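Just so we're clear, the structure is a prediction, and the values are computed from it rather than from any experiment.
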Amino acid sequence: MTLASRLSTAANIGQMETSKEKWTMIVGNMALIQVQATVVGFLASIAAVIFGWIPDGHFLMEHAVLLCASSVSTAFIASLILGLVMIGVILGSKKLGINPDNVATPIAASLGDLVTLALLSGISWGLYKEMKINAFVNLIVCLLFIALLPVWFIIARKNPTTRQVLATGWEPVIIAMAISSIGGLILDKTVSDPNFAGIAVFTPVINGVGGNLVAVQASRISTYLHMMGSPGDDIGLGSRKCPSPCRTFFSSDVNSRSSRVLFLLVVPGHLVFLYTINSMKGGHTTMTLIFMVFYMLAALLQVLVLLYIADWMVHWMWSRGMDPDNFSIPYLTALGDLLGTGLLALSFHVLWLIGDRDSDVGD
């Protein structure tokens with residue numbers, strides 16, 4: 001998603017006009033995301049091992065190596081596939097006269113979940129079967145992707161468009177991973193209770209919609225600021241230490257108008273997904289009126305908070321000389337995961353307490 005935001009901004013401010021500029025931007029950014037994917041995939045597997053070991057109290061080395069191999073290879077392949085798709089989408093949008101900020105980032109967010117989960121399940125299943133035949137296969141896979149790291153690192157470091165991101169872009173991605181992991185713990189704790197098993201179907205929906213909408217807004221604000229100067233420049237927007245909610249949502253500013261449009265998309269978007277889930281008989285939760293009211297309240301509150309934080313965070317990062325394309329989206333989407341999962345879990349608990357329960361939960 002940071003790749004989509006970076007390339008969207010570059011396309012909008014005229015940094016991808018010639019073939020040489022396009023090639024330089026594409027090669028540098030593809031190498032950069034391979035470095036980030038390998039490192040973050042490795043760290044994510046370590047975090048998962050720790051979070052699994054602490055409550056259970058036992059640790060199996062072969063399972064830890066399996067998890068590491070699955071995570072690193074999934075992150076690498078998913079980033080490669082999605083990176084190529086994003087490049088195609090942005091170049092196509094540019095040619096058709098469409099603002100890539102409105103297209104590339106939500107596609108990256110949606111396809112990211114789908115492609116990553118599909119690859120993770122397929123790769124881990126394959127490696128698990130192979131592990132019974134060859135005990136060292138997972139270790140070889142880990143070492144292979146780690147051995148490729150210096151190659152991607154050198155390419156990204158030599159490229160002027162990605163050199164700075166390679167040095168400064170780690171903090172938001174790693175912190176975002178930690179924030180999302182907290183949301184994962186909340187989901188795991190809630191799903192493990194048979195009374196709240198239905199939350200599993202709705203969590204990807206509420207997190208996906210919230211993440212998509214706030215990523216679009218952050219990318220649009222970032223492009224707007226880049227058109228007026230460089231990160232750290234005083235472009236006359238005044239202090240944004242604590243923006244007024246009225247200024248964020250009700251002013252005549254172009255970014256305020258887009259935040260209103262994005263907020264109004266929440267209810268119709270979720271109604272489509274709820275109808276789809278209900279039609280496919282997904283989950284263990286009956287679509288009662290009171291459930292839909294609580295679900296919509298959680299979704300609206302999530303997006304409202306995220307859009308407000310995006311307005312503050314992007315401007316604050318800009319004033320500190322940080323490029324919002326590289327820093328804001330990981331934080332915002334991770335906060336979206338945490339808020340969405342937390343609010344949905346709270347809604348399920350409240351519904352249970354007031355008596356809106358399902359007899360088939362856990363079937």
Side-chain angles (χ1 to χ4, degrees), residues 1-17 86 89-110 172 209-269 299-333 335-336 339:
M1 291 174 71
T2 55
L3 170 73
S5 185
R6 274 198 304 272
L7 294 183
S8 296
T9 297
N12 278 323
I13 64 176
Q15 292 182 355
M16 293 180 67
E17 299 299 323
M86 285 308 96
V89 168
I90 289 163
L91 293 178
S93 299
K94 182 75 173 171
K95 186 169 286 188
L96 294 171
I98 301 170
N99 185 354
D101 281 320
N102 298 333
V103 180
T105 312
I107 289 177
S110 305
V209 172
N212 274 340
L213 295 176
V214 75
V216 170
Q217 180 68 355
S219 188
R220 286 177 62 90
I221 297 173
S222 180
T223 297
Y224 174 78
L225 294 174
H226 274 93
M227 286 179 169
M228 301 174 70
S230 300
D233 290 352
D234 183 5
I235 53 179
L237 293 176
S239 174
R240 283 299 182 98
K241 290 182 180 178
C242 188
S244 164
C246 292
R247 184 176 178 178
T248 301
F249 294 102
F250 301 110
S251 73
S252 59
D253 180 69
V254 63
N255 293 317
S256 179
R257 289 200 299 270
S258 67
S259 68
R260 292 196 294 271
V261 171
L262 292 170
F263 183 72
L264 291 173
L265 290 173
V266 175
V267 172
L300 287 167
L301 182 58
Q302 177 208 29
V303 174
L304 188 74
V305 172
L306 287 175
L307 289 174
Y308 176 76
I309 293 174
D311 184 40
W312 163 77
M313 182 178 286
V314 172
H315 286 91
W316 179 81
M317 287 179 171
W318 182 271
S319 68
R320 297 289 296 269
M322 296 184 285
D323 189 343
D325 282 327
N326 301 324
F327 287 87
S328 64
I329 288 179
Y331 288 124
L332 291 169
T333 51
L335 284 171
L339 274 173

Asks: For R220 and N102, which I'm curious about, is there any donor-acceptor pair between the side chains at under 3.5 Å?
Replies: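 Side chains of R220 and N102: pair found under 3.5 Å.
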
Asks: If you look at every heavy atom in P100 and A11, which pair is closest and at what distance?
Replies: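 Heavy-atom minimum between the residues: CG-CB, 4.3 Å.
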
Asks: Kindly give the heavy-atom pair with the smallest separation between N255 and Y224, and that separation in Å.
Replies: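 Scanning both residues completely, I find the closest heavy atoms to be ND2-CD2, 3.4 Å.
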
Asks: Measuring only between side-chain heavy atoms, which start at C-beta, is P324 closer than 4.5 Å to H226?
Replies: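 In contact.
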
Asks: Quick one: closest heavy-atom pair of A108 and M1, and the distance?
Replies: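 Scanning both residues, the minimum pair turns out to be CB-CG, 4.0 Å.
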
Asks: To the closest 0.5 Å, what do you measure between CZ (F249) and CG (L304)?
Replies: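 Answer for the CZ-CG pair, F249 versus L304, is 4.5 Å.
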
Asks: To the nearest 0.5 Å, tell me how far M16 CE sits from S8 OG.
Replies: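 The CE atom of M16 sits 9.0 Å away from the OG atom of S8.
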
Asks: Give, for atom OG of S259 and atom CZ of F250, the distance between the pair rounded to the nearest 0.5 Å.
Replies: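 It is 8.5 Å, given to the nearest 0.5 Å.
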
Asks: How far does CG of L306 sit from CG of L262, to the nearest 0.5 angstrom?
Replies: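 Between L306 CG and L262 CG, I get 11.5 Å after rounding to 0.5 Å.
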
Asks: Within the side chain of T333, is there an N or O that forms a donor-acceptor pair under 3.5 Å with the backbone of I329?
Replies: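 Pair found, side chain donor or acceptor close to backbone of I329.
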
Asks: Considering only heavy atoms from C-beta outward, does the side chain of V305 approach that of L301 to under 4.5 Å?
Replies: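 Yes, at least one pair of side-chain atoms sits under 4.5 Å.
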
Asks: For D325, is there any backbone N or O sitting under 3.5 Å from a side-chain donor or acceptor partner on R6?
Replies: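 It does not hold such a pair.
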
Asks: Between F327 and M313, is there a side-chain heavy-atom distance shorter than 4.5 Å?
Replies: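 Answer no - side chains too far apart.
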
Asks: Is a donor from one side chain sitting under 3.5 angstrom from an acceptor on the other, for T9 and T223?
Replies: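 A pair is found: one side chain offers a donor N or O, the other an acceptor, under 3.5 Å apart.
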
Asks: How long is the straight-line distance from CG of N12 back to NZ of K94, given to the nearest 0.5 Å?
Replies: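 Here the rounded value is 6.0 Å.
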
Asks: Determine whether N212 and V216 satisfy the following criterion, side chain to side chain contact (heavy atoms under 4.5 Å, CB included), listing intermediate values before the conclusion.
Replies: CA-CA 6 Å; N212 274 340; V216 170; 5.6 Å; no

Asks: Look at the side chain of S5 and the backbone N and O of T2, then say whether any donor-acceptor pair between them is shorter than 3.5 Å.
Replies: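 No, the answer is negative, given that no donor and acceptor are paired below the 3.5 Å cut-off.
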
Asks: Taking C-beta and beyond as the side chain, do L213 and F263 meet within less than 4.5 Å on heavy atoms?
Replies: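 A side-chain contact is absent here, since even the closest heavy-atom pair is not under 4.5 Å.
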
Asks: Just so I know, are the side chains of V314 and Q217 near enough to count as touching, which here means a heavy-atom distance under 4.5 Å?
Replies: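 Side chain of V314 against side chain of Q217, heavy atoms only: no contact under 4.5 Å found.
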
Asks: If I compare all heavy atoms of A4 with all of M86, which pair ends up nearest, and what's the gap?
Replies: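 For A4 versus M86, the nearest heavy atoms are CB-SD, 3.8 Å.
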
Asks: Taking the side chain as every heavy atom from C-beta outward, state whether M317 and Y331 have any pair of such atoms under 4.5 Å apart.
Replies: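 Result yes, sub-4.5 Å side-chain heavy-atom pair found.
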
Asks: How many angstroms lie between OG in S222 and CG in D101, if you round to the nearest 0.5 Å?
Replies: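 Taking OG in S222 and CG in D101, the distance rounds to 7.5 Å.
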
Asks: How close do V89 and A104 get, counting heavy atoms only, and between which atoms?
Replies: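 Distance-wise, the nearest heavy atoms are CG1-CA, 4.1 Å.
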
Asks: Grab the two heavy atoms, one from S252 and one from R257, that are nearest each other, plus how far apart they are.
Replies: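 Closest heavy-atom pair between S252 and R257: O-NH1, 2.6 Å.
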
Asks: Determine whether L225 and H315 make a side-chain contact, defined as any pair of heavy atoms from C-beta on separated by less than 4.5 Å.
Replies: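 The answer is yes; the side chains approach within 4.5 Å.
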
